[in-house]
There are 2 protein chains.
Amino acid sequence: MESTLLSRKDQIDQTATALFRTRGFAATSMRELASALGMEAGSIYSHIRSKEEILHRICFRLAEDFFSGFEEAAADEILPAATRLRRAVESHVRVLTADVAASAVFLHEWRHLSEPARTEFLALRERYEAGFRQLIGEGAASGELYAPDPIFAALTLLASLNWLPSWYRPGGPLAPIDIAHRLANQLLFGLEVRGNQK
Amino acid sequence: MESTLLSRKDQIDQTATALFRTRGFAATSMRELASALGMEAGSIYSHIRSKEEILHRICFRLAEDFFSGFEEAAADEILPAATRLRRAVESHVRVLTADVAASAVFLHEWRHLSEPARTEFLALRERYEAGFRQLIGEGAASGELYAPDPIFAALTLLASLNWLPSWYRPGGPLAPIDIAHRLANQLLFGLEVRGNQK
DNA sequence: CCTACCGATCGGTAGG
DNA sequence: CCTACCGATCGGTAGG
C-alpha cells in the first residue's frame, strides 16, 4: 500500500506540501497533517523540529531547483540572449511542473516564514528575477528582443509562468515540455523583433 | 486624526483587508484586527457577524467590480474584438489598482471561504475568465488576433495582470492608466497579427 | 464599546 | 510512535 521509497521525513514533507497548498500553511494543523499520515500529532516531532521547519525546507528546496535550472539554461554566454531566455523559461516551467504542489507553496506560503528566513528567501527570489531581467536587458540591448522596459517585461513574463500551478494538472493533454514551448512562444512573440515592429 | 468619512464597518473592512493581505486570512486574529482599530476583540462583533463575513464581503465586492468593469468595456459588440479586449484589460487593471490590498485578498484568500460561498465565488471567477476567452476567441476567428489556443492565451493574459498587486505601489512613477496601456501593449503585441506572422 | 468569559484548538513536550 | 498533557491563543458570546 504505502510507498516505502520515501523516508518518513520525506513523506511528512510531501503530505505537508499538499496540505499547505490546498489549505494554506496557517490553516493547516499538525493534527491534520498527522491524521493524513496515519499517526498522532506528537509523533511527527520525532522527525521534525517544528511546523515552520517543513515550510522552510519546501521553500528553499524549490529556490535551489529554480536557481540550478537557470544556471544551466542561461550560463552559456555564447548563445544569443533570446535563446538563453527561451531556455530559462523552459527550465522554469520544468521546475514548476515537476512538483506543482511544492511550487504553489513556494509561490504563496513563503510569507509565513519568520525572520531571518523570510528576508533570506526574498533575497534569493530577487536574485532569481534579476537573472531574467538581465537576459531581457541583454536581448534588448543587442536588438534581439523588443523590450522598452526590461523590468516590466521580466515581471510580466514571470507572472505568466507562475500562474501555472493554479491551473496545471499532471497527466493532462499537454506534457510539461509542450507547455513550456507554448508559453515561451506566446511570451516571446510579444518580445521578439519582427519586420514591421517599431 | 481619524477619518470620519468611513463608517465603523467600513473601517473594519479596510483594516481587515490590509491585514488579510499581508498576513493571510487564517493567520490574522480578531485580536490583531481589533488592536489595529483601537478597540477590543469582542467589540468588533457589534458591527459584523463573523471573521469570514469580512472576507466574504471583500471577495464578492471585488468580483462585482471586475464584472461591471468588464461589461462596460466589452459590451459594445460593434467594436472589434481586439479593441474590446484592450478595453477589458484596461478595466481589469483599473480595478486592481483602485484597491491593491483588496485585490490581493480577492486573488489569494478566497479559498478560506467555506461552502457554499467558495463554490459560488469560483463560479463567478470562471464566468469572468470565460468573458476574456470569448473575446480572444472572437478576435482569433475574425483574424484580428493571433491566438491558436484562446484558453491558453486567456490564462496567460490574466496571469500577467493578476501579478500586479504583488509589485504595484500606489504613488509610484507609473499611473494606473499608464500601467494598463503598457500591459495591454506588451500582451497584445504578442497576440496581434502583424505582416510576417503566420 | 468593554469586561469577563466560553469551549475548542493550537504547536509542541515529557516520559515511556 | 503513542498517551497524556502544557500554556497560549483562537473565534465568538453574554451582560452590561
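We name chains A, B, ... by the order of the sequence lines, and we start the count at 1 in each one.
- Within 6.0 Å of atom CD in B:E53, more than 12 heavy atoms from other residues, nucleotides or ligands are found, so the atom counts as buried in its surroundings.
- Between A:E126 and A:R133 a salt bridge is recorded (basic side-chain N to carboxylate O distance below 4.0 Å).
- A:S91 and A:E72 are not linked by any side-chain donor-acceptor pair at a separation below 3.5 angstrom, with hydrogens and angles left out of the test.
- Here B:R31 does not reach the OP1 or OP2 of D:dG12: none of its side-chain N or O atoms lies under 4.0 Å away.
- Straight-line distance from the NZ atom of B:K9 to the C1' atom of C:dC1: 17 Å, rounded to whole Å.
- When rounded to the nearest whole Å, the span between CZ of B:F25 and C1' of D:dC10 equals 12 Å.
- With hydrogens and angles left out, the side-chain atoms of A:E32 and A:T28 include no donor and acceptor closer than 3.5 Å.
- Note: CE (A:M30) to P (C:dG11) measures 7 Å, nearest angstrom.
- Atom CG in A:L33 sits roughly 12 Å away from atom C1' in C:dG11 (whole-Å rounding).
- Between the side chain of A:R84 and the backbone N or O of A:L135, no donor-acceptor pair lies under 3.5 Å.
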Once pairs are restricted to Watson-Crick or G-U wobble with both distances under 3.5 Å, how does DNA chain C read as a dot-bracket string, [ ] for crossings and | for other-strand pairs?
||||||||||||||||

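- Within a 6.0 Å radius of CD in A:Q14, other residues, nucleotides and ligands contribute 12 heavy atoms or fewer.
- If you measure from atom CZ of B:R23 to atom P of D:dT9, you get 13 Å, rounded to the nearest angstrom.
- Going from atom CG of B:L55 over to atom P of D:dG11 covers 13 Å, rounded to whole Å.
- Under the 4.5 Å side-chain contact rule for hydrophobic residues, A:L188 and A:L174 share a cluster.
- Classification of B:D65 and B:R61 as a salt-bridged pair holds, one side-chain N sitting under 4.0 Å from a carboxylate O.
- Of all the residues in residues 41-53 of chain A, A:G42, A:Y45, A:S50, A:K51 reach under 4.0 Å from DNA chain C with at least one non-hydrogen atom.
- Judged by distance alone, the side chains of B:E144 and B:S142 do bring a donor and an acceptor atom under 3.5 Å apart.
- A:E40 places its CD atom 17 Å from the P atom of C:dG12, with the value rounded to the nearest Å.
- A close approach under 4.0 Å does not occur between any side-chain nitrogen or oxygen of A:S29 and OP1 or OP2 of C:dT9.
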